[in-house]
Amino acid sequence: MKASLVVFKQRVDDIKSHNVCFVSLRQIMNDVKDINPEANLFLDNYTKERGFNFRANVITLYGFFEQFIEDSIKEYVDELSRLVSSFDLLNDKIKKEYVEKWKGLHGKLNYTKFSNIEENRMIETLYETVVKNNNQILAECFLMNGGNYKHEYISNMLNNLGLNDYKSCIAQYPPLKDYFEVESHTDCSMLDELVDCRNEVAHGANYENIWSIDLFLSYLDFFVLYGEALTNYLNDKLLKEYWDKCSIGKVIKPYKYYKANKVFEFHLNDTLLFRQQKIVIKQGKNHYPQYLEYKMPEIYCKRPEESADMIKNVDTLYGDGEWYISIKIPLDLNIKSKFFFESL
């Protein structure tokens, strides 16, 4: 899942472009004020214009971020429904609380936020989910809140989906991990600070501490990092679901790993491999993400009885019998990594 993140990053780029224009506008007005006196109207009111620009920046960024969080949860729930087809196979947290959350959503269908949900559809999906055991849970059941998406609040939302380790481990996911290593801390105070600022501005408070554009842009950058880390976290959890469902009895362990070249060697029997085949890799518990997805690269293979100079490069291997396989995966892995090759 990445569609929500792509949209969010595009919107953040729009905010950046606006602020580049706003900074340039003052210089342009200075350059033309002698030939166009109306430029002085902007220059004489520049302090007020800075204030309006700051408030617009804060309101717009938070609005885009709130939409991103909700879209990401919808995207996660949709992907989860495709992976886990039966309601009784979902985690205990969702199963235990879903009906009550469904009731809560049913009582809020008059809200603009949920106006696209028809009552008949709600009833049909509840019947399919609870009675017929077909997983058709509605993501909106987990979005019944009034915003104010601080870090703690987002953690609680994800906890409602059974994702209870978000708060403790999100700082370990890239790119937040690299950011925090440079900054020598692991808190998300910039997120909470912007939410507080947005609340003051939105409710008409006389917010006099106007941030410089450079400072605001640093908040923009942090929000993108946070969004990328959140997306990586949710993808990690979806890959875990995929691994648990599809890899039973099919997990492959390499017998050699050449770290310098990032090449894995496998002993395989009766296997089917092909270029661009989906590979899911499981790392140890202290790796973030723990699950990675990769596409099958070039395949080098030979029979055990063949000499090294008989290794051949193939796009597809219908591997009846025993084979030695080598593939290069340029990720930060090790010999303890486990592999699952998706079949056709």
Side-chain angles (χ1 to χ4, degrees), residues 1-16 18-19 53-77 113 139 142-161 163-203 205 207-237 288-289:
M1 55 168 282
K2 61 179 181 179
S4 303
L5 178 63
V6 170
V7 172
F8 179 59
K9 291 173 75 172
Q10 290 172 341
R11 290 174 169 175
V12 168
D13 285 343
D14 290 342
I15 299 176
K16 288 183 177 180
H18 160 74
N19 281 278
N53 184 64
F54 166 69
R55 289 187 283 274
N57 276 334
V58 169
I59 293 292
T60 303
L61 174 57
Y62 177 76
F64 287 163
F65 180 71
E66 182 175 301
Q67 189 66 57
F68 161 71
I69 294 296
E70 296 186 354
D71 287 348
S72 294
I73 288 178
K74 290 178 183 178
E75 198 174 356
Y76 172 80
V77 171
K113 181 176 181 178
F142 304 94
L143 299 174
M144 294 181 298
N145 46 67
N148 290 319
Y149 288 158
K150 293 185 176 182
H151 181 54
E152 180 79 24
Y153 206 109
I154 295 169
S155 301
N156 290 337
M157 291 173 68
L158 295 175
N159 184 60
N160 288 332
L161 287 164
L163 306 176
N164 54 18
D165 63 346
Y166 178 76
K167 186 177 180 181
S168 64
C169 70
I170 187 60
Q172 300 299 320
Y173 279 83
L176 271 185
K177 180 180 179 180
D178 295 335
Y179 171 82
F180 285 137
E181 285 178 354
V182 172
E183 297 295 320
S184 300
H185 67 80
T186 57
D187 69 78
C188 296
S189 58
M190 292 183 76
L191 170 57
D192 295 352
E193 288 165 7
L194 186 119
V195 175
D196 286 337
C197 181
R198 174 263 178 191
N199 289 340
E200 292 188 42
V201 170
H203 293 95
Y207 197 90
E208 298 180 351
N209 182 26
I210 297 176
W211 303 347
S212 70
I213 288 180
D214 286 342
L215 177 59
F216 176 74
L217 291 178
S218 71
Y219 278 75
L220 274 182
D221 292 338
F222 178 80
F223 271 65
V224 170
L225 296 176
Y226 188 94
E228 290 175 337
L230 170 62
T231 301
N232 288 334
Y233 171 86
L234 293 177
N235 276 325
D236 194 20
K237 299 305 179 183
Y288 302 94

So salt bridge (charged side-chain N to carboxylate O under 4.0 Å, His left out) across residues 219-231, not counting sequence neighbours, yields K9-E228, K16-D221

Flag side-chain contact, heavy atom, 4.5 Å: V195 against Y62: yes

Checking E70, R198, E66 against Y149 for side-chain hydrogen bond (donor to acceptor under 3.5 Å, both in side chains), the one that qualifies is E70

side-chain contact (heavy atoms from CB on, under 4.5 Å) with Q10: of V12, D13, V6, only one passes, and it is V6

On a heavy-atom basis, the closest approach of M1 and S72 is CE-O, 3.5 Å

Got F64 and D14 here, is their nearest side-chain heavy-atom distance under 4.5 Å?
no

Nearest heavy-atom approach of L230 to I69 is CD2-CD1, 3.6 Å

Closest heavy-atom pair, L158 versus Y233, reported as atoms and distance to 0.1 Å, is CD1-CE2, 4.4 Å

CG (L191) and CZ (F65) are apart, to the nearest 0.5 Å, by 4.5 Å

In terms of relative ring orientation, are Y166 and H151 parallel, tilted or perpendicular, with 30° and 60° separating the classes?
tilted

* Asked: With no hydrogens and no angle check, is any side-chain donor or acceptor of N160 less than 3.5 Å from a backbone partner on F142?
  -> no

For L225 and P175 the tightest heavy-atom approach is CD2-CG, 3.5 Å

Notebook entry, point to check: Between Y219 and N57, is any side-chain donor less than 3.5 angstrom from a side-chain acceptor?
Noted result: no

- Going by distance alone, is a donor N or O of one side chain under 3.5 Å from an acceptor N or O of the other, for D192 and Y153? no

Looking only at heavy atoms, the pair that brings S168 and D165 closest together is OG-O, 3.0 Å

The side-chain hydrogen bond (donor to acceptor under 3.5 Å, both in side chains) partner of Y173 among N232, D236, N235 is D236

dist L220:CG -> M190:CE (nearest 0.5 Å) comes out at 9.5 Å

Between L161 and Y76, the two heavy atoms sitting closest are CD1-CD2, 4.1 Å

State yes or no: are the ring centers of F222 and Y179 separated by less than 6.0 Å?
yes

